[in-house]
Amino acid sequence: MGRGAFGRPVPIDQHADEVLARVLRKGAPLTEDAVFLGLRSILMRKNESQIFQKVRQSKNVGDYRHFSFSPDVDLLEVRPKGTVVGYELKGYRKTGREMKPPTYYEGVDQALALLKNPVSSPHSRDFGGSVFDNVYLVHPEGSQVGELADLLEMCTPIGLIVMNYTGTKEVVKPKPNPFVNRDLKSLLISNLDKLDAYRKIRVNPIQ
């Protein structure tokens with residue numbers, strides 16, 4: 001549950017929509033939380049996907065912890081036909097008195113790490129393959145998009161999405177993740193209810 005406009009408890013999806021509307025109405029800075037809300041809304045409408053925020057691990061099942069992710073998955077999308085996509089999100093941050101966009105290379109290291117996540121799973125004590133068919137890095141408009149697009153396209157299979165107040169643009173299309181493990185991915189999809197995901201909807205510093 002979240003808190004609606006008058007402090008009343010409302011369903012989390014309704015609260016997310018209210019906060020996103022406030023961001024767009026005020027033209028508030030596209031912080032990482034605001035980027036999440038915008039992307040979440042678009043993916044749920046466009047792909048009818050299941051969306052999970054800040055996934056770290058799965059809840060214990062017996063004595064074993066099924067999945068452990070490092071870094072956290074900022075946004076994990078499961079599409080209706082079973083495609084699993086990981087998103088590393090970056091947004092404006094307050095530096096001194098200014099809100100500044102991320103640097104062009106910010107988040108590349110974390111997006112690369114998602115290509116080989118989870119770091120532990122039932123298939124291996126070490127690395128048994130990835131659950132992600134594709135990985136995207138998402139930046140707000142105002143970043144150095146050209147330099148970032150060149151870096152990702154030339155050196156990685158990671159896609160790039162840029163967000164503004166009217167929607168998103170896929171600047172670099174992702175290539176298939178060479179480390180995806182189909183069996184491991186199927187196991188994840190059958191245990192989505194056990195994912196330990198962050199559900200609180202918040203947008204700093206504008207809420």
Any chance you could measure [X], atom [atom1], to [Y], atom [atom2], to the nearest 0.5 Å?
X    : Y    : atom1 : atom2 : answer
I189 : L184 : CD1   : CG    : 10.5 Å
M44  : Q50  : CE    : CD    : 9.0 Å
L76  : I51  : CG    : CD1   : 8.0 Å
L39  : L30  : CG    : CG    : 12.0 Å
L195 : K54  : CG    : NZ    : 15.0 Å

K175 atom NZ: more than 12 heavy-atom contacts under 6.0 Å
yes
Tell me whether [X] contacts the main-chain N or O of [Y] through its side chain, where contact means a donor paired with an acceptor under 3.5 Å.
X    : Y    : result
S41  : G38  : no
D196 : Q57  : no
S130 : N117 : yes
S68  : V119 : no

Validation row: [X], [Y] side chains within 4.5 angstrom (heavy atoms):
X    : Y    : value
S58  : L188 : no
P140 : P102 : yes
L75  : F36  : yes

**Asked** Does one hydrophobic cluster hold both L114 and L112, with members joined at side-chain heavy-atom distances below 4.5 Å?
**Response** yes
* Under a single-linkage definition using a 4.5 Å side-chain heavy-atom cutoff for Ile, Leu, Val, Met, Phe, Trp and Tyr, are V180 and V73 assigned to the same hydrophobic cluster? -> no
Smallest heavy-atom separation, F132 atom then V135 atom, equals CB-CG2, 4.1 Å
Heavy-atom nearest pair, N181 first then G129, reads CB-CA, 3.9 Å
Applied to residues 128-140, the salt bridge (Lys or Arg N to Asp or Glu O under 4.0 Å) test, sequence neighbours excluded, yields D133-R182, D133-K185
Side-chain donor/acceptor pairs under 3.5 Å, residues 77-92, sequence neighbours excluded:
{"from": "E77", "atom 1": "OE1", "to": "R79", "atom 2": "NE", "distance (Å)": "3.3"}
{"from": "E77", "atom 1": "OE1", "to": "Y87", "atom 2": "OH", "distance (Å)": "2.6"}
{"from": "E77", "atom 1": "OE2", "to": "N47", "atom 2": "ND2", "distance (Å)": "2.9"}
{"from": "E77", "atom 1": "OE2", "to": "S49", "atom 2": "OG", "distance (Å)": "2.6"}
{"from": "E77", "atom 1": "OE2", "to": "R79", "atom 2": "NE", "distance (Å)": "3.2"}
{"from": "E88", "atom 1": "OE2", "to": "K90", "atom 2": "NZ", "distance (Å)": "3.4"}
{"from": "K90", "atom 1": "NZ", "to": "Q110", "atom 2": "OE1", "distance (Å)": "2.9"}
{"from": "Y92", "atom 1": "OH", "to": "E141", "atom 2": "O", "distance (Å)": "3.2"}

Decide whether D33 and T31 meet the rule of one side-chain donor and one side-chain acceptor closer than 3.5 Å. no
From the list E98, E32, E106, salt bridge (Lys or Arg N to Asp or Glu O under 4.0 Å) with R93 holds only for E106
Distance-only donor-acceptor hits, side chain of residues 144-159, under 3.5 Å, sequence neighbours excluded:
{"from": "Q144", "atom 1": "OE1", "to": "Y104", "atom 2": "N", "distance (Å)": "3.4"}
{"from": "T156", "atom 1": "OG1", "to": "L152", "atom 2": "O", "distance (Å)": "2.9"}
{"from": "T156", "atom 1": "OG1", "to": "I158", "atom 2": "N", "distance (Å)": "3.0"}

Applying side chain to side chain contact (heavy atoms under 4.5 Å, CB included) to K169 and I161, what does each step give before you reach the verdict?
CA-CA 6 Å; K169 180 180 180 182; I161 291 173; over 6 Å; no
